[in-house]
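Beneath this line is the structure, given in structure tokens, with notes to follow.
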Amino acid sequence: MRHLIISDIHANLFALQAVLTDCEGTYDDVWFLGDVVGYGPHPNECVEQLGDLNCLAIAGNHDWATLGRLDAGSFNPDARHVLLWTQSVLSKGNMQVLDELEVSTAAEEHFTLVHGSPRHPIWEYILHPQVAQANFDHFATRYCLVGHTHDPVIFDEGDGNESICEARLPAFNGGPQVLPDSRLIINPGSVGQPRDGDPRASYGILDTDSLTFEPRRAPYPVAQTQALMEQFGFPARLIIRLAFGR
Ligand code: ZN
């Protein structure tokens, strides 16, 4: 099976559509790693598009905050601004969709899906190999798929004994890469708000038959998303960052 792996859409419909167009016909189903809302101008549209994809999906911290399960005070003022706006515009039906998302799930035989980390699925950021290393004990499968950092990376446990966990940066649009035998934590980056310096939407195609992962980027009309954010009075910093992928 070929799975489209997406995370952190963050209500950026133009970015999501660009990804779906870019990889059309190259996947069998979709695995989504959380945060469909927050930061962006299209929360209802993105929840509905996700529903149309009929994907395996889990909840992220912005999804939980929108439901009121996390204190809005724990978000920075920019994120909080859009969180409150999202709560005011999201339809009851779409709230219900968020409410039904699990915090983690297993997929096929070898995969665990969480938003942040297997140790703390909603909140923990796996940005460094040391944090990744500590998390390998917290999932039973061979591979774990995470999002949350908006930073595409693969953490490789090595042989799990003396070797040290390594971070590998993906080679984008370089074709499918064969996964090593070791256990991995794989982050496809963010569809709607990349933070690795590349503004293009980030995602991956995981083929669980050939055990390959293909990291991919899709350009989208950033200015169109920014124009809507401006129209809705979103904080300038959130609007500007999309152009830089930071
Ligand atoms: Zn996010």
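As the structure lists them, so they are numbered: ligands from 1, and atoms in each ligand from 1. FYI, the numbering just counts along the sequence from 1.
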Using the ring-ring contact (aromatic ring centres under 6.0 Å, His included) rule, take H120 and H138 through it: C-alpha gap first, then chi angles, then the decisive distance, then the call. CA-CA 9 Å; H120 302 295; H138 293 264; 7.6 Å; no
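- For the Zn ion (ligand 1), the neighbouring protein N/O/S atoms at less than 2.8 Å, given as residue and atom, are D8 OD1, H10 NE2, D35 OD2, H150 NE2.
- Taking the six-membered ring for Trp and the full ring otherwise, H62 and F75 have centroids separated by under 6.0 Å.
- With salt bridges taken as basic N to acidic carboxylate O contacts below 4.0 Å, one links D78 and R237.
- Listed for the N12 side chain is a donor-acceptor partner under 3.5 Å among the backbone atoms of G192.
- Transitive grouping of hydrophobic side chains (ILVMFWY, heavy atoms separated by less than 4.5 Å) keeps V30 and L33 in distinct clusters.
- Judged by distance alone, the side chains of Q49 and E45 never bring a donor and an acceptor atom under 3.5 Å apart.
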